[in-house]
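The residues of the chain are indexed from 1 along the displayed sequence.
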Amino acid sequence: MAYDEGLAHRLGESLGDLPDLNTKKMFGSLVFLWRGNMLVGVLGSDLIARVGPEAQADALAQPGARVFDFTGRPMNGWVAVDGEAVAEDESLEGWIARCREFVEALPPK
């Protein structure tokens with residue numbers, strides 16, 4: 001499955017000022033790693049967002065969000081967000097902020 005290059009570009013633009021930011025292609029997706037920890041990614045036309053276990057229920061209540069179960073098992077602390085739900089920059093920035101809040105508290109890898 002190819003990933004949405006437009007969404008990937010928008011993520012890269014939004015995250016470009018973060019130090020120690022890297023990208024990695026994994027399983028047909030593109031993920032952004034911050035200080036070695038996965039932060040966000042693009043799978044197909046969806047945003048994959050690492051919000052953390054404590055914030056997952058609130059994240060799932062947001063428009064376009066659903067359980068992320070890429071492997072057939074739900075991934076704790078992650079949600080998938082329909083690409084249409086992050087079509088506006090303000091919405092995408094909100095998801096990025098959620099993810100940064102969680103990943104910022106993790107130790108670098």
Side-chain angles (χ1 to χ4, degrees):
M1 170 186 287
Y3 61 86
D4 182 328
E5 291 185 19
L7 179 54
H9 177 76
R10 289 175 58 219
L11 282 170
E13 290 283 311
S14 293
L15 296 168
D17 64 338
L18 283 178
D20 300 319
L21 182 73
N22 294 296
T23 59
K24 187 173 186 178
K25 291 183 179 180
M26 299 174 61
F27 310 112
S29 68
L30 181 71
V31 296
F32 290 79
L33 298 101
W34 183 28
R35 301 179 322 191
N37 293 294
M38 291 175 59
L39 176 67
V40 294
V42 182
L43 180 62
S45 61
D46 295 336
L47 171 73
I48 50 176
R50 186 177 189 184
V51 297
E54 307 251 334
Q56 188 170 11
D58 181 62
L60 287 170
Q62 304 306 309
R66 65 184 183 286
V67 172
F68 180 54
D69 63 353
F70 175 69
T71 63
R73 289 187 336 200
M75 293 185 65
N76 192 26
W78 285 84
V79 297
V81 184
D82 186 275
E84 291 179 17
V86 291
E88 299 295 324
D89 289 342
E90 185 177 336
S91 178
L92 182 61
E93 292 295 330
W95 280 104
I96 290 171
R98 285 173 182 266
C99 297
R100 284 184 61 175
E101 182 178 342
F102 174 71
V103 175
E104 188 169 33
L106 299 175
K109 288 187 174 180

- Query: With a 4.5 Å heavy-atom cut-off, do D46 and V81 have their side chains touching?
  - Reply: no
- Item | pair L106-R50: side-chain heavy atoms closer than 4.5 Å | yes
- If every non-hydrogen atom of A85 is compared with every non-hydrogen atom of S91, which pair is closest and at what distance? O-OG, 2.6 Å
- For residues I96 and S14, report the shortest heavy-atom separation together with the two atoms involved. CD1-CB, 3.5 Å
- For the residue pair Y3 and A8, what are the closest heavy atoms and their distance? CE1-CB, 3.9 Å
- Apply side chain to side chain contact (heavy atoms under 4.5 Å, CB included) to the pair L7 and L92, showing each step before the final yes or no. CA-CA 9 Å; L7 179 54; L92 182 61; 4.1 Å; yes
- Message: I'd like to know if the side chain of S29 and the backbone of M26 have a donor-acceptor N/O pair within less than 3.5 Å.
- Response: yes
- 4.5 Å side-chain heavy-atom contact, V40 and W95: no
- Task: Could you tell me whether the side chain of R35 and the main chain of E104 form a donor-acceptor pair under 3.5 Å?
- Result: yes
- At what distance, to the nearest 0.5 angstrom, does SG of C99 lie from CG of L47? 6.5 Å
- Task: Applying side chain to side chain contact (heavy atoms under 4.5 Å, CB included) between I48 and each of V42, L30, L43, report the one that passes.
- Result: L43
- Task: Over all heavy atoms of both residues, which pair between A59 and A65 is shortest? Give the atoms and the distance, please.
- Result: O-CB, 3.2 Å
- Query: Does any N or O in the side chain of W34 come within less than 3.5 Å of the main-chain N or O of P108, such that one atom is a donor and the other an acceptor?
  - Reply: no
- Using a 4.5 Å cut-off on heavy atoms from C-beta on, say whether the side chain of E54 contacts that of D58. no
- Query: Can you tell me if S45 uses its side chain to pair, donor with acceptor, with the backbone of D4 under 3.5 Å?
  - Reply: no
- Message: Would you say CD of E93 has more than 12 non-hydrogen atoms from neighbouring residues, nucleotides or ligands within 6.0 angstrom?
- Response: yes
- Item | Any donor-acceptor pair under 3.5 Å from Q56 side chain to V51 backbone | no
- Smallest separation among heavy atoms of V67 and P74, with atom names: CG1-CB, 3.5 Å
- Item | Pairing residues for L33 by the side-chain contact (heavy atoms from CB on, under 4.5 Å) criterion, not counting sequence neighbours | K24, V31, M38
- Message: Closer than 3.5 angstrom, by distance alone: can the side chain of R10 be matched with the main-chain N or O of V86 as a donor-acceptor pair?
- Response: yes
